[in-house]
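Below, each value reflects all heavy atoms present in this structure, side chains not excepted, and no hydrogens, waters or symmetry copies. Predicted model, so just to flag it, every value in this text is computed and none were measured.
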Amino acid sequence: MEKIIPCSLKDQEVFQRVWQRVMAGREDCGCPVEAIIPPGMEGDVSCQRLEELMRLNAGRPAKDGGAPEAAPAQETPEPQPEPMPPSEEAPAPEPPEAEQPPGSAEPMPQPEGPHRGSDLPRLWEAPQPADDRTARLRRQVMEALEGWQFYRHLARRARGVDARVLNTLAGELHRGARRLSAAYFLITGLRYWPSELLSAPAIPSYWGALRRRHQLEQQQEAAFRLAADDWEDPDMLELYGELGEGCQRRCRQLRALLEQDLT
């Protein structure tokens, strides 16, 4: 026979607080001790018996106006959204056809080959008489390229202001060679740019190289003045006049370098 151990007043108060927390928010959530003791068991009831009565009355509807017993609330898992079926991507629209200019039945031709490699004119190869004006143009192109190479190598042996001046003179001669080569092409329709024939110039002495280059600039100026007498084309006359003035300017700069370094 079960031994009846009356619950102390403190235990029943704890039980009362627990019951109120469980039944919070519900109607008729009165004291569970009076609600769950069946008739004939009035009086002291053990704590173990009270727990058993609680479990038996859990979820049972109330009778005779008593408070209903509810089982502990269980969390129901939230329904997971169903995966959306993969949407079929719409095919990319085809690019519109290029509109042809009005009045043309065929498409415009597209350029072929690299930027200008397939359109370069033929190189000069066949020899020509030495007194020909075009032969003199070729010689002048080569002399300008040799002067450009000379100034570049001479600038490597200089420092500071001298090196900057010599590099500037090299750039002027390179531009002069390009102008002479363009004039040759306009006259003959052939290209002439013999840069692959250049070699490193011999420069035994820096001071001697400046003196030698000053003499060559003077000779080149006289050659440009003489060549201009054989042309009546205003473009060629203008070209030779500007090239002769460039020779004079370079002579002055070379003289200034010598005056600055030798004193």
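Arg157 places a side-chain N or O within 3.5 Å of a backbone atom of Ile203 that can act as its donor or acceptor partner. Checking side-chain atoms of Thr188 against main-chain N and O of Tyr184 turns up a donor-acceptor pair under 3.5 Å. Asp162 places no side-chain N or O within donor-acceptor distance of the main-chain N or O of Ala158, the cut-off being under 3.5 Å. Side chain of Ser181 to backbone of Trp193: no donor-acceptor contact under 3.5 angstrom is found.
When the options His214, Glu221, Gln220 are evaluated for a side chain to side chain contact (heavy atoms under 4.5 Å, CB included) with Cys251, the one that passes is His214. Screening Gln248, Arg252, Gln253 for a side chain to side chain contact (heavy atoms under 4.5 Å, CB included) with Arg250, the sole residue that qualifies is Gln253.
Looking at heavy atoms from C-beta onward, Arg225 lies out of side-chain contact with Tyr240 at the 4.5 angstrom threshold. Under the 4.5 Å side-chain criterion, counting only non-hydrogen atoms from C-beta, Gln218 is not in contact with Cys247. Under the 4.5 Å side-chain criterion, counting only non-hydrogen atoms from C-beta, Leu198 is in contact with Met142. For the pair Leu190/Phe185, no side-chain contact is recorded, criterion being any heavy-atom separation below 4.5 Å from C-beta on.
Side-chain atoms of Glu146 and Tyr151 include no donor-acceptor pair closer than 3.5 Å.
Taking the ring centre of Trp207 as origin, the terminal cationic atom of Arg211 falls outside the region bounded by 6.0 Å and 45° from the ring axis.
Of all heavy-atom pairs spanning Ala183 and Leu239, the tightest one is CB-CD2, 3.9 Å.
Both Ile187 and Phe224 are assigned to one and the same hydrophobic cluster, defined by single-linkage of ILVMFWY side chains at heavy-atom distances under 4.5 Å. The hydrophobic cluster containing Val161 also contains Leu254, counting ILVMFWY residues as joined when their side-chain heavy atoms lie under 4.5 angstrom apart, directly or transitively. Taking hydrophobic clusters as Ile, Leu, Val, Met, Phe, Trp and Tyr residues chained together by side-chain heavy-atom distances below 4.5 Å, Leu210 does not share a cluster with Leu216.
In this structure, NE2 on His174 lies 8.5 Å from CZ on Arg152, to the nearest 0.5 angstrom. We find the CG-CG distance between Leu243 and Leu180 to be 5.0 Å, quoted to the nearest 0.5 Å. Considering CG of Leu169 and CZ of Arg249, their distance stands at 9.0 Å, rounded to 0.5 Å.
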Check step by step if side chain to side chain contact (heavy atoms under 4.5 Å, CB included) holds for Leu197 and Leu145. CA-CA 10 Å; Leu197 302 179; Leu145 287 175; over 6 Å; no

When you look at Leu173 and Glu217, which way does the side chain to side chain contact (heavy atoms under 4.5 Å, CB included) test go after all the steps? CA-CA 11 Å; Leu173 279 178; Glu217 293 289 353; 4.0 Å; yes

Are Met236 and Leu186 close enough, and set up right, to give a side chain to side chain contact (heavy atoms under 4.5 Å, CB included), and what steps lead you there? CA-CA 11 Å; Met236 293 300 299; Leu186 290 174; over 6 Å; no

Go through the steps to decide whether Trp148 and Glu172 satisfy the test side chain to side chain contact (heavy atoms under 4.5 Å, CB included), and finish with yes or no. CA-CA 8 Å; Trp148 165 65; Glu172 290 180 3; over 6 Å; no

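The environment of CZ in Arg255 is sparse: at most 12 heavy-atom neighbours from other residues, nucleotides or ligands sit within 6.0 Å.
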